[in-house]
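Heads up: the structure comes next, in structure tokens.
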2 protein chains.
Amino acid sequence: MNTPTMNPQQLKGHLDLLLLATLEDSPRYGGQIIADVQAATDGFFNLREGTLYPALHRLEKAGWIAGEFQQLPRGGSPVKVYTLTPTGRTELREQREKYERFAHAVRGVIGGSI
Amino acid sequence: MNTPTMNPQQLKGHLDLLLLATLEDSPRYGGQIIADVQAATDGFFNLREGTLYPALHRLEKAGWIAGEFQQLPRGGSPVKVYTLTPTGRTELREQREKYERFAHAVRGVIGGSI
DNA sequence: CATCTTACATCGGAAAACTATGTCGTCTCC
DNA sequence: GGAGACGACATAGTTTTCCGATGTAAGATG
């Protein structure tokens, strides 16, 4: 499997958007988020725990997501399930637009015409 | 003029690509690069001198661009004109592809289906 | 000659992601 | 039931890199 990984710097400034978008449809806990992002990007974004958890704390502190420990049906230790808050949903919309402007601006420089 | 500016973090990891692409067609010096990037992005990317010059030095050290002081026809102090090297042209191609993969990966997460 | 402008340069700070490591509960296996 | 393995969460320290502030020098301007 040829899965070129990203430049760590490429992720900067876009991680929050990725996390909010991942939580858009349903609540998730850490391991699920890592797996989902990896699956949705064909392995391009390979989040590390040291990247994910501080980011989740940042988003929670901002009030965009809410974490709650839950016992999973399959047993095991309780996991911290994060849910997108209404504020987070608004933020997701804004960050999507901000990313669109970013992508459009990059196109303006590297794409020539597109 | 409503020119929403980018999150500083959004630039990280993409600056080199922008600079290489700006120099693709013709050599440029600092002030021109700032103006060109600003124009090509409708003011979205507003490079600062403290951002640009260290970046140019980084690219020059990598052998992707070559700087040479030149006297402009219109007079004034000599300016340092940077030219894309053959190696830099190869690097530009690679960084373009890398950006495409990045953009595609982001779409995979935030675009849902697109 | 004094001042202003322009271009180049650099230092210190801040933000954020990564590496490495640690802790705590469960579960498994003997 | 005890020992180790494992999974999930957590965090300290390092690195990268962009930005704000500031400095220097050459020429233009009056």
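In what follows, chains carry the letters A, B, and so on, assigned in the order in which the sequence lines appear, proteins first and then strands, with residues in each chain numbered from 1. All heavy atoms count here, side chains included; hydrogens, waters and symmetry mates do not. As the structure is a prediction and not an experimental result, all values here were calculated from the model.
- Remark: P of dT15(D) and CZ of Arg58(B) are 17 Å apart, rounded to the nearest angstrom.
- Residues Thr87(A) and Arg89(A) have side chains that never bring a donor and an acceptor to within less than 3.5 angstrom of each other.
- Checking dT6(C), dA9(C), dA8(D) against the side-chain heavy atoms of Phe69(B) singles out dA9(C) as nearest.
- With dA8(D), dA7(C), dG27(D) as the choices, the nucleotide that has an atom nearest any side-chain atom of Ser77(B) turns out to be dG27(D).
- Here dA8(D) presents its C1' atom at 10 Å from CG of Leu72(A), a figure rounded to the nearest Å.
- Using a 4.0 Å heavy-atom cutoff across all strands shown, Leu15(A) reaches sugar-phosphate atoms only and no base atom.
- Each of Asp36(B), Leu19(B), Thr22(B) was scored for a side-chain contact (heavy atoms from CB on, under 4.5 Å) with Leu47(B), with one residue passing: Leu19(B).
- Looking at the side chain of Tyr82(A), the nearest of the listed nucleotides dA15(C), dA9(C), dA10(D) is dA10(D).
- Going from atom CD of Glu60(B) over to atom P of dT10(C) covers 11 Å, rounded to whole Å.
- Mapping Gln71(A) and His14(A) onto DNA chain C by nearest heavy atom places His14(A) closer to the 5' end of the strand.
- In this model, a side-chain donor or acceptor of Glu49(B) finds a partner on the base of dC8(C) within 3.5 Å.
- The Lys12(A) side chain lies nearest to dT16(D) when the options are dC9(D), dT16(D), dT10(C).
- Looking at the side chain of Arg48(B), the nearest of the listed nucleotides dT17(D), dT11(D), dG20(D) is dG20(D).
- The environment of NE2 in His104(B) is sparse: at most 12 heavy-atom neighbours from other residues, nucleotides or ligands sit within 6.0 Å.
- Between the P atom of dA8(D) and the CD atom of Gln32(A) lies a distance of 9 Å, rounded to the nearest Å.
- dT6(C) atom P lies 17 Å from atom CG of Leu52(B), rounded to whole Å.
- No donor-acceptor pair closer than 3.5 Å links the side chain of Glu97(B) to the backbone N or O of Glu94(B).
- Closest to the Lys80(B) side chain, of the nucleotides dT6(C), dC9(D), dC8(C), is dC8(C).
- Regarding contacts with the backbone of dA10(D), every side-chain N or O of Tyr53(A) stays at 4.0 angstrom or more from both OP1 and OP2.
- Side-chain contact between Phe102(B) and Val106(B): present, with at least one pair of heavy atoms (C-beta onward) separated by less than 4.5 Å.
- Taking atom CZ on Arg28(B) and atom P on dA7(C), their separation rounds to 14 Å, with Å as the unit.
- The NZ-C1' distance, from Lys61(B) to dT17(D), rounds to 14 Å in whole Å.
- Salt bridge annotation for Arg93(B)-Glu24(B): absent, with no cationic side-chain nitrogen under 4.0 angstrom from a carboxylate oxygen.
- Applying the 4.0 Å criterion to OP1 and OP2 of dA8(D), one finds that Tyr29(A) has a side-chain N or O inside that range.
- Distance, Leu19(B) CG to dT17(D) P: 13 Å, rounded to whole Å.
- At a threshold of 4.0 angstrom between heavy atoms, the contacts of Gly30(B) are confined to the sugar-phosphate backbone, with no base atom among them.
- Regarding contacts with the backbone of dT11(D), a side-chain N or O of His57(A) is found under 4.0 angstrom from either OP1 or OP2.
- Counting non-hydrogen atoms under 4.0 angstrom, Pro54(B) reaches a base of the nucleic acid.
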